[in-house]
Amino acid sequence: MRLLVLGGTHFLGRHVVAAALDRGHEVATFTRGVSGAPPAGARALHGDRDDPAALPAALGGWAPEAVVDTSCQSRAAARNAAAALGDVRGYAFVSSLNAYAGWPPGPIGPEDGEPTWESDAEEYGPVKAEAERVLAAAHPGRFLTARAGLIAGPFDDVDRLGWWLRRIAAGGPVVVPDALDQPIAAVDARDLAGWLVDAAAAGRAGAVNATGPAGMTTLGGLLELCREVTGGDARWVPVPEEELLAAGVEPWVHLPLWLPRETARTAWDVDTTRARELGLPSRPLRETVADTWAWLQTVDALPEPPHGLPRPGLPRELEAVLLAVR
Ligand SMILES: NC(=O)c1ccc[n+]([C@@H]2O[C@H](COP(=O)([O-])OP(=O)(O)OC[C@H]3O[C@@H](n4cnc5c(N)ncnc54)[C@H](OP(=O)(O)O)[C@@H]3O)[C@@H](O)[C@H]2O)c1
């Protein structure tokens, strides 16, 4: 099958390309060509998807049969893909739980009963929600939107888990939120990638909460895996939420994956029944953590986080302030 990957040179997109090549598909990627190349074996097409003329020009006579879209971050990008790719037999789109109006917090029940954003705001969630609508209308009955939660694994340039791994490997006292029992869920990028390829090839339709099963782990469980995998002598120094916030520690950013108590209580209470019915795998989290650590050992310079996201991590001076009083 001829598969077009919109994206394909970074984290999730790279794994999509690898999974598609493994399955014997003929693969082309479409990116601007400014931030990397796809894995060997894929044909690299170039252009800016915000430009309506770029994708048709890059495709030339090559007619994809299915699409996996990992790179949509604007309304124009969705409109242009809808116009250029209306006749494919399957379109799998990477959206986000942020497409749900008001998430986080949750809980998020079955997909069809949950409202998504209806807003003109140029923000991540509303843009993903609008992109879903535009692309679904162009591919009736053959458009699947994967509302991803936290994606983790090798090649993760967002670097939330990566920062924890490096910090914990460095050892010594490590500031952690005192709410280590807060639930968290993640999907391995490789599990999601292979499943997206198969969904596009099969022309599957509908919305799917594409994240790990509710209750799969806690923040403390994940950090413990980081300690085991890196083998360091890190010692947790739990700090109460009020103190973290008062010191200017930004949830999710300075202490990646940490959410304030009230949000965390339900944020990862997401119904993934449909994902499981449709065969989205969920490999052991230890494997995700270990493979991300192994990949980090091979990286000389960390790639820039994508689409303007801040580099996560607790600034050393903030960490020193919090440790000094303990
Ligand atoms: N990380 C998470 O935990 C998380 C959670 C929920 C959802 N998501 C979603 O998951 C997806 C992750 O995708 P990803 O890791 O494969 O990659 P990504 O970082 O979102 O996408 C980057 C890719 O898109 C290309 N690109 C960027 N702007 C472009 C443009 N204007 N025209 C054409 N190509 C463009 C880039 O290549 P060039 O720079 O060379 O153009 C690169 O290949 C995203 O859609 C994200 O919103 C992520």
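Order of listing sets the numbers, starting from 1, for every ligand and every atom in it. Heavy-atom basis, side chains included; hydrogens, waters and symmetry copies ignored. What you see is a predicted model; the values in this text were computed from it and never measured. When a residue number appears, it is its place in the shown sequence, counting from 1.
Leu12 N, 3.0 Å is the protein heavy atom nearest to atom 15 (O) of ligand 1. Protein heavy atom nearest atom 38 (P) of ligand 1, with residue, atom name and distance: Ser35 OG, 3.2 Å. In terms of protein heavy atoms, atom 20 (O) of ligand 1 is closest to His307 NE2, 3.1 Å. Annotation: atom 35 (C) of ligand 1 to nearest protein heavy atom, Arg32 NE, 3.9 Å. Counting only heavy atoms of the protein, atom 34 (N) of ligand 1 lies nearest to Thr31 CA, 3.4 Å. With hydrogens left out, the protein atom closest to atom 11 (C) of ligand 1 is Thr70 O, 3.4 Å, a heavy atom. At the top of the distance list for atom 5 (C) of ligand 1, counting protein heavy atoms only, stands Gly149 O, 2.7 Å. In terms of protein heavy-atom proximity, atom 17 (O) of ligand 1 is closest to His10 CB, 3.9 Å.
The pair Arg147-Glu114 does not meet the salt-bridge criterion, since no charged nitrogen lies less than 4.0 angstrom from a carboxylate oxygen. One finds a salt bridge joining Arg261 and Glu242 here, because a Lys/Arg side-chain nitrogen approaches an Asp/Glu carboxylate oxygen to under 4.0 Å. In summary, Glu319 and Arg316 engage in a salt bridge, as defined by a charged side-chain N under 4.0 Å from a carboxylate O. Ion pairing between Arg75 and Glu122 holds under the 4.0 Å rule for side-chain N and carboxylate O. Contact check on Asp22 versus Arg190 returns no salt bridge, with no Lys/Arg side-chain nitrogen under 4.0 Å from an Asp/Glu carboxylate oxygen. The pair Arg2-Glu26 does not count as a salt bridge, with every side-chain nitrogen at least 4.0 angstrom from each carboxylate oxygen.
Using a 4.0 Å cut-off to heavy atoms of Tyr124, the atoms of ligand 1 that qualify are 6 (C), 7 (C), 8 (N), 9 (C), 46 (C), 47 (O). Interface atoms of ligand 1 facing Val94, defined by a heavy-atom separation under 4.0 Å, are 9 (C), 10 (O), 11 (C), 45 (O). Applying the 4.0 Å criterion to heavy atoms of Arg160 picks out, from ligand 1, the atoms 3 (O). Listed by atom number, the atoms of ligand 1 under 4.0 Å from Asp48 heavy atoms are 30 (C), 31 (N), 32 (N). Contact atoms of ligand 1 toward Ser95: 7 (C) (distance under 4.0 Å to a heavy atom of the residue). Those atoms of ligand 1 with a heavy atom of Pro306 less than 4.0 angstrom away are 19 (O).
With distances taken over non-hydrogen atoms, the option nearest atom 25 (C) of ligand 1 out of Pro38, Gly33, Ser71 is Ser71. Closest heavy-atom approach to atom 3 (O) of ligand 1 among the candidates Leu257, Asp69, Ile151: Ile151.
Here the side chains of Asp271 and Ile108 are not in contact, with every heavy-atom distance at 4.5 Å or above. Using a 4.5 Å heavy-atom cutoff, the side chains of Leu192 and Leu12 are in contact. Within the 4.5 Å cutoff, the side chain of Pro251 has no heavy atoms near those of the Val253 side chain. Counting heavy atoms from C-beta outward, His139 and Val67 have side chains that stay 4.5 Å or more apart.
Between Arg14 and ligand 1, no pair of N/O atoms sits closer than 3.5 Å. Considering backbone and side-chain atoms together, Arg49 places an N or O closer than 3.5 Å to an N or O of ligand 1. Note: an N/O pair closer than 3.5 Å links Gly13 and ligand 1 by distance alone. Between Val34 and ligand 1, a contact under 3.5 Å exists for at least one N or O pair.
In Val158, the part holding a heavy atom less than 4.0 Å from any atom of ligand 1 is the side chain. Contacts with ligand 1 closer than 4.0 Å are made by heavy atoms of both the backbone and the side chain of Ala148.
The shell of residues lying under 4.0 angstrom from ligand 1, judged by heavy atoms, includes Lys128. Assignment of Ala54 to the shell around ligand 1 is not supported, since no heavy atom sits closer than 4.0 Å. Within the 4.0 Å heavy-atom cutoff, Gly47 counts among the residues contacting ligand 1. Under a 4.0 angstrom heavy-atom cut-off, Gln73 registers as being in contact with ligand 1.
Not less than 6.0 angstrom separates the ring centroid of Trp164 from the ring centroid of Trp293.
In this model, no donor atom of one side chain and acceptor atom of the other lie less than 3.5 Å apart for Thr211 and Asn209.
With Val175 as reference, Leu314 is the one residue of Leu314, Val249, Leu318 to meet the side-chain contact (heavy atoms from CB on, under 4.5 Å) rule.
Looking at Arg227, its side chain never comes within 3.5 Å of a backbone N or O of Ile168 through a donor-acceptor pair. Checked by atom type and distance alone, the side chain of Asp233 never pairs as donor or acceptor with a backbone atom of Gly171 at under 3.5 Å.
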